[in-house]
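Written below as C-alpha cells is the structure these notes are about.
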Protein chains: 2
Amino acid sequence: MVSIKDIAKKAGVSISTVSYALNGSPKVNADTSRRILQIADELNYVPNAAARTLKKRHTMIVGAFITSFEGAFYGELLQGMKDMLNKQGYDLIICSGTQSHRLLPEGMLDGAIILDATFDSDELLKYANRGHKLVVLDRELKHENISQVLLDNKAGATLAMEYLIESGHRKIYAVTGPTESFDAEQRLQAVRLTVERNHPLEYIEIQGDFTKSSGEEAARRIKDEYSGPAAVFCLNDEMAVGLYHELKKSPYRIGEDIFVVGFDNIETASYLQPQLATIDYSKRRFGAVAAEQLLHLIAGGPSVHERIYVNLIKTPSVF
Amino acid sequence: MVSIKDIAKKAGVSISTVSYALNGSPKVNADTSRRILQIADELNYVPNAAARTLKKRHTMIVGAFITSFEGAFYGELLQGMKDMLNKQGYDLIICSGTQSHRLLPEGMLDGAIILDATFDSDELLKYANRGHKLVVLDRELKHENISQVLLDNKAGATLAMEYLIESGHRKIYAVTGPTESFDAEQRLQAVRLTVERNHPLEYIEIQGDFTKSSGEEAARRIKDEYSGPAAVFCLNDEMAVGLYHELKKSPYRIGEDIFVVGFDNIETASYLQPQLATIDYSKRRFGAVAAEQLLHLIAGGPSVHERIYVNLIKTPSVF
DNA sequence: TTGTATGCGTTATCAT
DNA sequence: ATGATAACGCATACAA
C-alpha cells in the first residue's frame with residue numbers, strides 16, 4: 001500500500017506538504033503541488049479511509065437500513081435518497097439485518113435512515129443518545145438526534161375507505177398489516193374510524209402481514225364467504241397483488257363482483273388487470289426528504305418532523 | 001466518545017490489558033477481565049471501526065455493487081449473498097453509482113461483488129492489481145484476484161428458442177438487450193446460432209434494453225406488423241412484462257396469436273396471465289455462490305470460475 | 001512556503 | 001499476568 005509517506009520520500013518533501021497538496025491547500029507552492037500530485041498519480045495513491053476517518057471523525061457515508069433486500073417497494077425510495085446524498089458529497093450504502101447495526105455505533109456511518117420495523121426503538125434511542133444522527137421512516141420517536149418523516153397513512157386510508165363507500169359498497173373487508181408496523185397500525189385506525197362514521201356498514205377485518213401470500217389467503221376466505229358484491233381495502237399493494245392472483249382462480253371478477261383498493265402504488269399495481277385503485281405518493285420524494293433531514297441533522301440542525309402527503313388513484317377496480 | 005483509555009483509567013489498569021480483556025485473550029486474569037468487561041459495559045463502550053481497521057487492515061465488510069436500486073431482479077440474489085456472508089461473520093452492504101466506487105480502493109471493503117455493467121472493466125482490473133478481491137457476475141475477466149460466476153446464458157437462450165421452435169412456431173422475434181451487457185450478448189449469440197441451425201425460419205431482431213418500456217415498444221412494432229401467429233423471445237422477463245402490458249391493448253392474445261418466452265423468472269412473471277414461459281435459475285444460489293467465491297479469494301484461495309445452470313419453465317404463453 | 005511533531009483509537013510486540 | 005510503547009496513515013497546529 002502506498003501512503004503519503006511514500007509520496008513524500010519520492011518528492012523529497014515532508015508528509016505534511018504532501019497532505020496539504022493532496023487536499024488542495026493554497027499554502028503550498030503551485031509547482032511543488034503539481035509535482036506532488038503527479039507523483040501521487042504515478043504511484044496510484046489512494047487515501048486510506050480508516051486513517052482519514054480516525055482523524056476527521058466522519059466518513060461521508062450514510063446508511064439506509066431496510067428489513068429485507070427483497071420486494072419492489074424500496075427501489076425508488078433508495079434512489080431518491082442516493083441522489084440527494086450524492087449531490088452533497090455523501091455516499092449511501094444499504095444495510096439489512098441485525099449484524100450490520102454495528103456500522104452505526106462503530107463510527108462507520110455519519111448517520112442512518114431507518115426503514116425497518118424490526119430495528120428496535122430502544123436500540124435506536126441508545127444510538128441517538130450516543131450522538132448518532134438518525135431519520136426514522138417507520139415509527140414515531142422523539143429525540144434531538146432523530147428526525148421523522150412519515151407517510152400520511154391516516155389520510156390515505158381514509159381516502160381509500162371513502163372511495164369504496166362513495167362508490168356504493170356497503171360490505172367492506174380490510175386486510176390488515178403486521179401489528180408491529182407503524183404504518184399498518186395508523187392505516188387500520190383510520191379505517192375503523194371511517195367505518196364508525198359511516199354506520200351502518202358490514203365491516204370485516206382479515207389479518208394480513210403485508211406479504212403477497214397473506215393477500216392470497218385473504219382472497220380464499222373472501223371467496224368462501226361470498227354472498228354478493230364485496231369491497232376490499234388491502235392495507236398495502238403487495239397483498240392486493242396476491243389477492244388478484246388468487247381471485248383469478250375463482251368465478252368472481254374484480255371490478256364486477258369484488259372491488260379492491262390498495263396502498264403504496266407499487267409498480268406491479270399498474271400492471272394488474274383491471275388496474276388497481278390505490279394510494280399514491282412519491283417514493284422518490286419520500287427518500288429525498290428523508291436524506292435531506294438527515295443532512296440537516298448532521299449539519300447540526302434541529303430534529304424536524306416531516307409528513308409525506310398522499311393521494312388517491314381511482315380505477316375500475318372499485319367502480 | 002469512550003475509548004479503551006477511559007476504561008483503563010476507571011479500571012486502574014493499562015490500555016493493553018483492556019484490549020486483551022476485550023478481545024477475550026486468555027492471558028488476562030479472569031477477575032480482572034470480568035471487571036474490565038463490566039466497566040466497558042457501564043461506559044457503553046463500542047470499539048472504533050476506523051482505529052481497528054487502521055491496525056488490522058480489514059473491515060469484515062463486503063460490498064455488492066449494482067446498477068440501480070430499482071428493479072425486482074436483485075432482491076433474492078442479494079439475500080443469498082448476505083446469508084452466506086453473515087454466516088462467516090462478514091457484513092454485506094449494497095452500493096450503487098460511480099461515487100461509491102471509492103469504498104473499495106480506500107480500504108473500506110474486504111472485497112466486492114460486481115453486478116453492474118456500467119462499472120468499467122479497466123477500473124476493476126486496476127483494483128484487482130492493487131490487491132483487492134473481486135467477484136464479477138456480469139462479465140468475463142481473467143485475473144488472480146477476480147473470480148467469475150456467470151449464468152449459463154447460452155444454454156438458457158438455446159432452451160428458450162428450441163422450445164419456441166418445437167412448439168411449431170416459424171416466425172420468431174428476439175427482443176434484445178443492451179449491447180454493453182454481457183448476458184444480453186451471450187443470449188443473443190445463442191439465439192442466432194439456434195436460428196441458423198433451424199433454417200428456414202422467419203427471424204426478426206428488435207433492439208431492446210432490458211427495460212419494461214423497451215418491451216412495450218417492441219410490442220407496438222409486433223402489433224403493427226402482425227400477419228399471423230408470431231413467437232417472441234424477450235431476452236429478459238422485464239421486457240416480457242412490458243410486452244404483455246402493451247399487447248393487452250391489442251386484439252391479439254398471448255398464447256393464441258402471439259407466443260412469448262422470457263428469461264430470469266422474476267417474480268412478476270408468475271403473476272402474468274397467461275403465466276410467462278421463461279428461463280429459471282436460483283437467484284439465491286447465484287448470490288450464495290458469488291459470496292462463497294469472494295470468501296475463498298479473501299482467504300487467499302485461487303481465482304475460480306463458476307457457472308450457474310438454468311432450466312426452462314414451460315407454460316401456455318408458448319403453446 | 002515547507003517541515004516538525006502530535007494525536008486520533010486500536011492492536012500487538014516486548015519487557016517486566 | 002500486566003504495563004510501556006510503537007505503529008497503522010492521515011490531518012493539522014505550530015515552528016521555522
Side-chain angles (χ1 to χ4, degrees), chain A residues 1-37 39-40 43-61 102-110 130-132, chain B residues 1-37 39-40 43-61 102-110 130-132:
Chain A
M1 181 189 209
V2 26
S3 74
I4 54 171
K5 205 184 288 182
D6 303 304
I7 301 177
K9 196 181 302 173
K10 186 152 184 185
V13 298
S14 76
I15 60 162
S16 49
T17 305
V18 174
S19 179
Y20 285 134
L22 253 22
N23 291 298
S25 162
K27 313 199 307 184
V28 48
N29 186 300
D31 282 343
T32 321
S33 182
R34 205 164 347 94
R35 198 159 49 84
I36 290 175
L37 265 357
I39 292 175
L43 261 36
N44 279 317
Y45 170 77
V46 176
N48 179 291
R52 189 189 339 100
T53 302
L54 187 56
K55 191 71 192 168
K56 306 197 60 161
R57 332 293 304 167
H58 68 244
T59 59
M60 298 302 278
I61 302 177
R102 69 170 176 103
L103 301 188
L104 188 58
E106 286 188 355
M108 211 85 178
L109 268 23
D110 288 352
R130 300 173 61 87
H132 297 286
Chain B
M1 182 192 206
V2 28
S3 75
I4 54 172
K5 206 183 286 183
D6 303 304
I7 303 178
K9 196 181 300 173
K10 188 152 183 186
V13 297
S14 77
I15 60 162
S16 37
T17 305
V18 174
S19 179
Y20 284 134
L22 254 20
N23 290 298
S25 163
K27 314 201 304 184
V28 49
N29 184 298
D31 282 344
T32 323
S33 183
R34 208 166 343 96
R35 199 159 50 83
I36 290 174
L37 264 359
I39 291 174
L43 261 36
N44 280 316
Y45 169 78
V46 176
N48 179 292
R52 190 191 336 102
T53 302
L54 185 56
K55 192 68 191 168
K56 306 198 60 161
R57 331 294 304 166
H58 68 243
T59 59
M60 299 301 279
I61 301 176
R102 68 169 176 105
L103 300 188
L104 187 58
E106 287 188 355
M108 212 81 173
L109 305 174
D110 288 353
R130 301 173 62 87
H132 297 286

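Residue numbers begin at 1 in each chain, while the letters A, B, ... track the order of the sequences. Excluded from the calculations below are hydrogen atoms, water molecules and symmetry mates; all remaining heavy atoms, backbone and side chain alike, are included. Since this is a predicted model, take the numbers as computed values, not measurements.
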*Restricting to pairs with a member in residues 16-25 of chain B, which pass salt bridge (charged side-chain N to carboxylate O under 4.0 Å, His left out), not counting sequence neighbours?*
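Listed once each, the pairs would be none.
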
*For residues 2-17 of chain A, pull every pair meeting salt bridge (charged side-chain N to carboxylate O under 4.0 Å, His left out), keeping only residues two or more places apart or in separate chains.*
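For residues 2-17 of chain A, and leaving out neighbouring residues, the salt bridge (charged side-chain N to carboxylate O under 4.0 Å, His left out) pairs sorted by first residue read A/K10-A/E42.
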
*asked:* For a quick test of reading the model: is some side-chain N or O of A/S14 closer than 4.0 Å to OP1 or OP2 of C/dT2?
replied: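 False: A/S14 side-chain N/O out of range (4.0 Å or more) of C/dT2 OP1/OP2.
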
_List the residues meeting side chain to side chain contact (heavy atoms under 4.5 Å, CB included) with A/L37, not counting sequence neighbours, and say none if there are none._
A/L22, A/S33

*With sequence neighbours left out, what residues match A/D31 under side chain to side chain contact (heavy atoms under 4.5 Å, CB included)?*
A/N29, A/R34

*Take A/Y45 and A/I4 through the test side chain to side chain contact (heavy atoms under 4.5 Å, CB included) and record every step on the way to the result.*
CA-CA 8 Å; A/Y45 170 77; A/I4 54 171; 3.5 Å; yes

*Calculate the interatomic distance between B/K9 atom NZ and D/dA4 atom P; express it in whole Å.*
14 Å

Would you please name every residue forming a side-chain hydrogen bond (donor to acceptor under 3.5 Å, both in side chains) with [X], sequence neighbours left out?
X: A/R102; value: A/E106, B/D91
X: B/T53; value: none
X: B/S16; value: B/S14

_Return a single string for nucleotides 9-16 of chain C, one symbol per nucleotide in 5' to 3' order, where B is base contact, S is sugar-phosphate-only contact and - is none, cutoff 4.0 angstrom on heavy atoms._
BBBBBB--

*Contact class for A/T32 vs. all strands (heavy atom < 4.0 Å): base, sugar-phosphate, or nothing?*
sugar-phosphate

_Five-pair end axes of the helix from C/dT1-D/dA16 to C/dT16-D/dA1 and the angle they enclose, rounded to 10°_ = 40°

